[in-house]
Amino acid sequence: MTEASESLNFIEQIVADDLKAGLSSDKLRFRFPPEPNGYLHIGHAASICLNFGLGKRFNAPVNLRFDDTNPTKEEQEYVDAIKNDIAWLGFKWATECYSSDYFQQLYDWAVELIKKGKAYVDGQSAEAMAEQKGTPTTPGTASPHRNQSVEENLELFEKMKNGEFEAGTYVLRAKIDMSSPNMLMRDPLLYRIVNKAHHRTGTEWCVYPMYDWAHGQSDYLEQVSHSICTLEFKSHRELYDWFLDQIYDDKKHRPKQREFARRNLSYTVMSKRKLLELVQSKTVAGWDDPRMPTISGLRRRGYTPESIRKFSEVSGITKRDSVTDVSLLEFCIREDLNKTATRVMGVLDPVKLVITNYPEGKEEMLTAENNPEDPNSGTHEVPFSRELYIEREDFKEDAGNKFFRLTIGQEVRLKNAYIIKGESVVKDSEGNITEIHCTCDLDSRSGSGTDASARKVKGTLHWVSIKHAIKAEIREYDRLFLDEAPDSHQDKNFMEFVNPDSLNIIKEAYLEPFLKEAQMDDKFQFQRLGYFTLDKDSNSEHLVFNKTVGLRDSWAKQKPKAAQPNNQPVAQQGQGRKPIDEIKKISKKYANLSGDKLDKARASIMNLAESVTYEDIEPLFNTSAKKVGTRIGVMLTLGVLLKKGLVRNSEIDAFIEAGLSDSNELLVAEAEAIK
RNA sequence: UGCCCGAUGGUGUAACUGGCAACACGUCUGGUUUUGGUCCAGAAGAGUCUAGGUUCGAGCCCUAGUCGGGCAACCA
């Protein structure tokens with residue numbers, strides 16, 4: 001138990017409370033239970049970090065259990081990908097388990113249930129059973145098979161198991177309560193017949209257990225103490241407990257289920273079904289497309305395990321639904337990469353720069369720091385020559401005072417090189433700049449120690465020597481959806497919000513030659529641009545870099561560029577709220593205020609009162625005497641209305657009278673003012 | 001219409017379990033800087049969904065309401 005001073009999230013609190021109540025700490029055991037029917041995403045990372053974090057905090061084992069009870073959807077490919085992702089995230093599971101390992105035990109328990117008269121085989125159609133289930137507000141009706149004899153049930157279930165029936169013809173149901181307010185308790189299904197090979201058990205089984213019958217029992221078999229899942233399983237808890245009641249042996253530890261809210265990320269979707277749709281519709285290139293919120297997508301994009309763990313940590317665990325802004329995720333990756341990424345230079349949108357006073361044919365190697373944040377990171381060499389590429393965006397023929405980059409007649413520094421001054425431009429017939437000519441101060445070489453090199457200039461540009469540059473493909477990504485919560489619109493499908501410009505490919509960017517040696521998983525900062533990493537599509541002939549995330553850019557914010565995706569939520573406080581409600585809100589704590597805050601509150605009440613009617617305040621005259629603040633607010637509002645010509649009546653007089661005789665000075669003063 | 005959850009600055013979380021709301025992101029200033037990055041200093045922004053109640057005192061407790069979410073797959 002480290003970091004005991006930190007506040008616990010409510011799940012950790014539950015565990016801590018159990019410990020305090022006498023649970024022996026060696027009984028603690030957790031599990032992460034994915035279904036191998038898709039890839040893990042950033043939402044799963046929350047659950048992984050929670051469960052493995054619990055294990056770490058309380059020094060208890062955490063199992064990885066594949067919930068593989070549905071062979072129609074599950075595949076070995078997903079099992080492998082999930083294990084890979086969890087390991088990459090940096091977690092070690094105690095035991096690798098599968099629900100399918102328990103098929104025999106589960107079957108035996110089901111037979112016991114039948115013998116106890118608590119389960120029966122139903123041969124009706126799915127539609128008929130759904131019909132009988134009733135609705136949340138009306139009770140269900142019993143199946144005609146509900147009271148079949150134990151012998152008949154046993155025989156039918158045996159035949160189900162032996163494959164004597166076709167898929168979908170019979171099911172095994174628990175006999176619980178067809179009129180329970182909890183729909184899940186209305187004789188839920190335990191087993192169905194499925195004719196499909198299972199990725200682990202092959203064709204051994206013809207019947208497969210449903211989630212509810214498998215999950216809690218698996219927890220029990222593994223002696224998991226705390227079974228943590230997401231909120232949509234809350235109503236399953238009653239069933240979870242009912243099933244445990246049937247098989248529980250009090251010499252063993254009984255698991256408990258607790259639920260937390262799943263995490264949503266802005267501008268993306270987070271359900272496996274929807275992610276699968278993006279993959280199958282070829283909207284993205286695959287589960288690990290760098291635009292996907294999957295662990296594998298984020299990894300390919302250049303995110304680190306540290307950054308994802310950090311994101312989970314700062315996001316927290318609660319029971320309310322929320323949409324976390326991607327900017328928080330971006331902060332986490334920038335924070336990590338800033339400390340570790342090697343600084344290099346690359347030009348994405350080149351324009352030729354000729355240094356007219358630098359000797360033709362001359363080349364020199366300059367020294368570049370690998371990472372100014374890390375004094376031990378060393379340096380590397382970068383070649384310099386007369387003709388360079390710089391970023392087209394870094395030059396303007398005539399620019400305002402706030403443009404810190406290259407213009408005609410102004411000096412800027414070339415990073416790690418010389419200070420230059422813009423002299424002239426060469427344009428093509430259409431007026432596009434094809435070359436920029438400049439002169440450089442040959443005394444100003446970085447690191448030379450001369451006075452000239454120490455001179456302060458307005459800006460520093462990145463560059464690359466044309467002769468030495470290597471070419472590479474760069475892939476830049478924008479958010480996959482244009483809407484903050486694309487799947488939250490009841491009238492629109494999330495696919496309508498797909499951002500058509502989420503991928504921008506730069507076929508030919510120019511990079512310093514140092515990058516020729518780049519390896520997969522190396523992290524680079526292309527200075528002044530952002531963080532980049534090699535994509536798996538790379539080979540020695542053709543380098544491909546993914547842009548992980550841009551640097552924070554306070555210059556971009558100043559530019560009016562309307563094309564920037566708007567990050568700001570539209571909703572503003574107070575909008576659509578009635579003035580009187582606003583006044584009530586401000587008034588509530590009025591009596592606690594003083595000084596500036598008091599004056600401010602008073603002024604805004606007076607201001608709001610201008611648009612309040614008598615009908616609004618009349619019902620507030622009998623606000624209880626204790627709610628002084630509200631009464632002061634009403635008094636102030638009344639004053640404004642009276643000034644505007646409101647005619648006095650007995651209710652008004654009574655209210656003022658009551659105010660005058662109150663013990664609160666503020667209220668008395670306001671009453672005095674208008675009496 | 002029934003049952004079950006939830007509601008704290010723009011966003012995500014906190015508040016030592018009842019003592020007048022804190023942290024992070026984001027935003028805005030200013031400083032440092034050979035990255036308009038980093039770093040440093042500072043600011044603005046909520047009075048805790050509403051109304052009652054209990055209490056000396058409520059974001060935390062009680063009651064009623066409002067709003068949001070979940071629950072009727074041979075999915076998990």
Side-chain angles (χ1 to χ4, degrees), chain A residues 5 7 9 33-35 37 67 69-70 72-74 126 129-130 133-140 167-171 180-184 186 189 191-194 208 210-212 214-215 229 231-238 259 261 263 266 272-273 314-325 327-332 334-335 338-339 343 345 369 372-373 402 404-405 413-417 419 446-447 453-454 456-457 459-462 525-530 551-558 567-573 581 584-586 588-589 592-593 623-624 626-627:
Chain A
S5 59
S7 72
N9 66 48
E35 182 191 9
N37 69 340
D67 226 329
T69 56
N70 184 3
T72 63
K73 288 186 175 177
E74 294 147 7
M129 283 187 279
K133 206 141 207 194
T135 71
T137 50
T138 58
T169 50
Y170 287 92
V171 293
S180 168
N182 184 348
M183 299 292 291
L184 289 162
R186 323 245 261 227
L189 269 57
Y191 275 95
R192 76 289 212 191
I193 302 171
V194 178
Y208 289 90
M210 300 291 289
Y211 164 84
D212 286 300
H215 202 96
C229 60
L231 234 31
E232 68 268 27
F233 290 99
K234 177 63 211 287
S235 50
H236 291 248
R237 192 151 115 191
E238 196 179 352
E259 312 81 13
R263 177 153 303 290
S266 64
K272 279 195 264 189
R273 204 212 86 220
V314 299
S315 294
I317 297 290
T318 59
K319 290 174 85 167
R320 53 175 168 248
D321 31 52
S322 58
V323 181
T324 304
D325 201 291
S327 65
L328 190 61
L329 218 208
E330 292 178 346
F331 163 77
C332 293
R334 283 194 190 106
E335 185 190 44
N338 175 54
K339 289 183 295 197
R343 268 56 170 180
M345 292 193 284
E369 260 184 314
E373 303 298 313
K402 282 162 74 182
F404 299 167
R405 307 178 183 188
R413 186 189 301 275
L414 292 175
K415 178 82 185 173
N416 300 318
I419 294 175
S446 294
S453 71
K456 301 269 181 239
V457 291
T460 302
L461 307 187
H462 61 274
Q525 184 198 92
F526 289 11
Q527 287 184 107
R528 305 211 302 134
L529 296 176
L551 257 27
R552 275 188 71 213
D553 190 350
S554 48
W555 167 242
K557 279 182 225 153
Q558 288 178 35
N567 213 346
Q568 298 305 323
V570 250
Q572 279 309 314
Q573 49 164 327
D581 292 329
K584 284 197 298 201
K585 192 166 183 164
I586 299 171
K588 204 172 163 190
K589 295 275 174 142
N592 294 332
L593 302 176
T623 299
S624 84
K626 302 177 82 165
K627 305 276 173 186

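The sequence lines fix the lettering, A, B, ..., with proteins before strands; numbering per chain opens at 1.
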> Hey, what's the ring geometry for A/Y211 with A/F233, parallel, tilted or perpendicular (30° and 60° as the breaks)?
Replying inline: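 The arrangement is tilted - the two ring planes meet at 30° to 60°.
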>> According to a cutoff of under 5.5 Å between the ring centres and under 30° between the ring planes, does A/F331 stack with the base of B/A24?
In response: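 Here A/F331 fails the 5.5 Å or the 30° condition.
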> At what distance, to the nearest 0.5 angstrom, does NZ of A/K339 lie from CD of A/E373?
Replying inline: 10.0 Å
Heavy atoms under 4.0 Å, any strand shown: does [X] hit a base, just sugar-phosphate, or nothing?
X	value
A/V457	nothing
A/K234	sugar-phosphate
A/T318	sugar-phosphate

Between [atom2] on [N] and [atom1] on [X], what's the gap in Å once rounded to a whole number?
X	N	atom1	atom2	value
A/R405	B/G37	CZ	C1'	12 Å
A/L551	B/U34	CG	P	17 Å
A/K557	B/U29	NZ	C1'	13 Å
A/N416	B/U35	CG	P	10 Å
A/K319	B/U8	NZ	P	15 Å
A/I317	B/C5	CD1	P	20 Å
A/D325	B/G9	CG	P	15 Å
A/N9	B/A14	CG	C1'	12 Å

> Quick one: on RNA chain B, does A/R552 or A/G447 contact a more 5' nucleotide (nearest heavy atom)?
Replying inline: A/G447
Pairing nucleotide - [N], Watson-Crick or G-U, each distance under 3.5 Å:
N	value
B/C39	B/G31
B/U63	B/A51
B/C25	B/G10
B/G2	B/C71

When the [atom1] atoms of [N] and [M] are considered, how many whole Å apart are they?
N	M	atom1	answer
B/U29	B/C16	P	36 Å
B/A21	B/C25	P	22 Å
B/G6	B/C39	P	38 Å
B/C62	B/C4	P	15 Å
B/G70	B/A76	C1'	15 Å
B/G9	B/U38	C1'	27 Å
B/A72	B/G10	C1'	38 Å
B/G47	B/C60	P	15 Å

> Should B/G47 be called syn or anti, with syn set as within 90° of 0?
Replying inline: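 For B/G47, whose glycosidic angle is within 90° of 0, the conformation is syn.
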>> I want to verify the glycosidic state of B/U17; is it syn or anti under the 90° rule?
In response: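 What B/U17 shows is a syn base, its glycosidic angle lying within 90° of 0.
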So does [X] get a side-chain nitrogen or oxygen closer than 4.0 Å to the phosphate oxygens (OP1/OP2) of [N]?
X	N	result
A/S327	B/C25	no
A/K339	B/U38	no
A/R263	B/U11	no
A/R528	B/G36	yes
A/S554	B/G37	yes

Do [X] and [Y] have side chains that get closer than 4.5 Å, going by heavy atoms?
X	Y	answer
A/L551	A/D553	no
A/E238	A/L184	no
A/R528	A/T460	no
A/V314	A/L328	yes

> Which residue, A/K319, A/R237, A/H236, forms the side chain to side chain donor-acceptor pair (under 3.5 Å) with A/E259?
Replying inline: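 When A/K319, A/R237, A/H236 are each tested with A/E259, the side chain to side chain donor-acceptor pair (under 3.5 Å) holds only for A/R237.
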> Hey, is the main chain of A/S453 close enough, under 3.5 Å, to the side chain of A/R413 for a donor-acceptor pair?
Replying inline: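 Yes: the side chain of A/R413 pairs with the backbone of A/S453.
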> Would a distance-only check, ignoring hydrogens and angles, find a side-chain to backbone donor-acceptor pair under 3.5 Å from A/R552 to A/R334?
Replying inline: no
State whether the distance check finds a donor on one side and an acceptor on the other, under 3.5 Å, for side chain [X] versus base [N].
X	N	value
A/R320	B/U13	no
A/E373	B/G37	yes
A/Q525	B/U35	yes

> How does protein reach along nucleotides 66-76 of chain B, written 5' to 3' as B (base within reach of a heavy atom under 4.0 Å), S (only sugar-phosphate), or - (no contact)?
Replying inline: ---S-SB-BSB
>> Please pick, from B/A15, B/G6, B/G37, the nucleotide with the shortest atom-to-atom distance to any side-chain atom of A/S7.
In response: B/A15
>> The side chain of A/S315 is closest to which nucleotide in this list: B/U33, B/C4, B/G12?
In response: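 From the listed options, B/G12 comes nearest.
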> Under 3.5 Å, is there a donor-acceptor pair between the A/N182 and A/S180 side chains?
Replying inline: no
